[in-house]
2 protein chains.
Amino acid sequence: MDILEKLNWRYATKEFDASKKLSETQLNLLLEATNLAPSSFGLQPFSIVVVEDNKLREKLKAAAWNQPQITDASQLILFAINTDLSEKHVDDFIARISTTRNIPVESLAEYENMMKGSIKQLPKEELQTWQAKQAYIALGQLMVTAAVEGIDTCPMEGFDKKEFDKILGLEDKKLSSVVIAAVGIRSATDKYQALPKVRKALDELIIKL
Amino acid sequence: MDILEKLNWRYATKEFDASKKLSETQLNLLLEATNLAPSSFGLQPFSIVVVEDNKLREKLKAAAWNQPQITDASQLILFAINTDLSEKHVDDFIARISTTRNIPVESLAEYENMMKGSIKQLPKEELQTWQAKQAYIALGQLMVTAAVEGIDTCPMEGFDKKEFDKILGLEDKKLSSVVIAAVGIRSATDKYQALPKVRKALDELIIKL
């Protein structure tokens with residue numbers, strides 16, 4: 001496989017073919033791949049909301065500048081951070097490590113305390129920024145995986161996050177929307193797929209030291 | 001290619017084999033792939049610093065909790081945001097679109113004004129957070145590409161950013177460090193490669209609506 005060819009094939013799909021849905025297998029592969037993304041400490045301080053319901057999506061569209069991807073994509077994969085990230089999340093993570101690697105929780109005390117200290121010390125806003133950044137790594141991993149599999153995506157930041165949280169009932173779940181990947185199959189008529197990618201020249205982007 | 005197999009092969013490499021360097025071809029492929037990552041508006045509001053110089057890396061190591069990846073990786077790929085992101089960057093981008101797609105700059109006036117308005121309206125800190133998030137997408141794209149190519153990476157947030165900026169002379173370039181991917185080849189003795197990945201169960205991570 002030529003990975004650069006796949007990455008060049010990818011573009012931010014503006015027009016999805018609303019008649020084409022991803023198969024259960026395709027969607028699961030994307031979610032598994034997203035779950036495998038690395039995160040700081042391995043903590044995965046976010047949740048993923050997969051939105052398929054058409055009525056919900058109609059409402060979301062109005063809170064996203066009426067962008068057609070919201071309703072025409074096969075699904076929306078929305079990343080949301082935990083607004084109450086706390087010791088509880090660290091405890092759950094430590095329990096997961098213990099189970100997965102078959103080691104006693106007690107042997108992880110140092111790691112546990114380091115994480116708890118790190119979370120406690122950050123002001124709320126910085127903590128949420130840090131969580132969002134982890135979600136963006138996962139977004140990157142999701143989009144590359146999709147490209148490798150011939151699945152289209154559109155990353156979307158342009159939506160009313162508070163309104164999305166209300167529509168999706170995320171506030172009650174102590175979650176807050178960060179970014180979306182609309183996923184599906186491009187429409188043959190989306191003119192953007194034919195445009196050459198605009199990127200910095202490597203020597204503009206890169207400083208070598 | 002089984003992408004999940006590649007993503008499972010990847011792990012945050014703690015111990016690189018310092019005797020093994022990436023080839024020029026491998027490094028270029030990683031940089032090309034990183035450059036192809038999507039960013040908000042397509043603006044790519046960051047630079048990449050590739051650090052190979054050993055003396056510099058010795059200094060950086062002291063500002064990164066003496067983590068051995070800093071000196072033992074083949075290279076450090078450091079993402080840095082522009083601290084002076086301004087109309088100038090938008091103008092450069094508009095010029096790039098115009099050249100790449102062979103369309104007059106004037107026809108892009110609406111897009112140009114939208115971007116300039118968007119940048120102007122954000123408080124400095126939010127602007128920098130937004131830039132950093134774009135870098136994190138590229139970091140994700142870089143790490144998946146590396147995994148596909150059998151190249152190891154370690155994402156690193158745990159370093160003294162101000163000190164890095166000083167050592168690398170980034171302040172003068174109006175750049176500010178955000179995150180690093182150490183890249184290279186894992187050491188056969190790195191015990192972490194054998195550990196099973198710890199991840200949320202999909203039904204813990206995901207809410208379906």
Side-chain angles (χ1 to χ4, degrees), chain A residues 1 3-4 7-8 10-12 28-29 31-38 40 42 44 47-53 56 93 96-97 100-101 129-130 132-134 136-145 148-149 155 157 168-169 173 175 179 195-200 202 205-209, chain B residues 1 3-4 7-8 10-12 28-29 31-38 40 42 44 47-53 56 93 96-97 100-101 129-130 132-134 136-145 148-149 155 157 168-169 173 175 179 195-200 202 205-209:
Chain A
M1 187 200 55
I3 183 77
L4 290 183
L7 296 177
N8 271 305
R10 185 209 61 77
Y11 75 110
N28 275 341
L29 176 76
L31 296 172
E32 287 280 5
T34 307
N35 195 28
L36 286 173
S40 187
Q44 303 185 278
S47 287
I48 286 173
V49 187
V50 178
V51 190
E52 201 162 343
D53 182 88
L56 276 178
F93 177 44
R96 258 193 319 272
I97 302 176
T100 308
R101 296 188 173 163
T129 296
W130 170 78
K133 286 174 174 174
Q134 312 311 317
Y136 271 71
I137 296 177
L139 171 69
Q141 181 141 328
L142 163 63
M143 290 193 288
V144 179
T145 302
V148 166
E149 297 291 319
E157 287 182 323
L168 299 174
K173 297 186 168 78
L175 292 171
V179 69
L195 296 177
K197 272 200 198 323
V198 179
R199 289 294 185 278
K200 292 180 181 176
L202 278 191
L205 178 73
I206 292 164
I207 299 163
K208 295 203 174 189
L209 296 177
Chain B
M1 186 200 55
I3 183 76
L4 291 184
L7 296 177
N8 271 305
R10 186 209 62 75
Y11 75 110
N28 276 340
L29 175 77
L31 296 172
E32 287 281 3
T34 307
N35 196 27
L36 286 172
S40 187
Q44 303 184 278
S47 287
I48 286 173
V49 187
V50 179
V51 190
E52 201 162 343
D53 182 88
L56 276 177
F93 176 44
R96 259 193 318 272
I97 303 176
T100 309
R101 297 188 172 163
T129 296
W130 171 78
K133 286 174 175 174
Q134 311 312 315
Y136 271 72
I137 296 177
L139 171 68
Q141 181 141 326
L142 163 62
M143 290 193 288
V144 179
T145 301
V148 166
E149 296 292 319
E157 287 181 324
L168 299 174
K173 296 187 168 77
L175 292 172
V179 69
L195 297 177
K197 271 200 198 325
V198 178
R199 288 296 185 277
K200 292 181 181 177
L202 278 190
L205 178 74
I206 292 163
I207 299 163
K208 294 203 174 190
L209 295 177

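Below, read A as the first sequence line, B as the second, and so on, with proteins coming before strands; counting in each chain starts at 1.
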Heavy-atom cut-off 4.5 Å, strictly under: side chain, backbone, both or neither for [X] against chain B?
{"X": "L31(A)", "value": "both"}
{"X": "Q44(A)", "value": "both"}
{"X": "L205(A)", "value": "both"}
{"X": "V50(A)", "value": "both"}

Could you check whether any side-chain heavy atom of [X] comes within less than 4.5 Å of a side-chain heavy atom of [Y], counting everything from C-beta outward?
{"X": "F93(B)", "Y": "V198(A)", "value": "yes"}
{"X": "I207(A)", "Y": "L175(B)", "value": "yes"}
{"X": "I137(A)", "Y": "M143(B)", "value": "yes"}

Among [options], which residue has the highest count of heavy-atom pairs closer than 4.5 Å to chain A?
{"options": "K208(B), R101(B), Q134(B)", "result": "R101(B)"}
{"options": "T129(B), N28(B), L202(B)", "result": "L202(B)"}
{"options": "D53(B), L29(B), V49(B)", "result": "V49(B)"}
{"options": "G169(B), A33(B), G42(B), P155(B)", "result": "A33(B)"}
{"options": "A132(B), A12(B), P38(B), S47(B)", "result": "P38(B)"}
{"options": "L209(B), T145(B), L168(B)", "result": "L209(B)"}

How far does CG of L4(B) sit from CG of N35(A), to the nearest 0.5 angstrom?
10.5 Å
What distance separates R10(A) CZ from L36(B) CG, expressed to the nearest 0.5 Å?
8.0 Å
Residue list, side chain to side chain donor-acceptor pair (under 3.5 Å) with E52(A), at least two apart or on another chain:
K21(A), Q75(A)
Let me know if L56(B) has heavy atoms under 4.5 Å from chain A in its side chain, its backbone, both or neither.
side chain
Restricting to side-chain contact (heavy atoms from CB on, under 4.5 Å), what partner residues turn up for A138(A), sequence neighbours left out?
T34(A), A37(A), F46(A), F79(A)
Among I48(A), I97(A), N8(A), single out the residue with the greatest number of heavy-atom pairs under 4.5 Å to chain B.
I48(A)
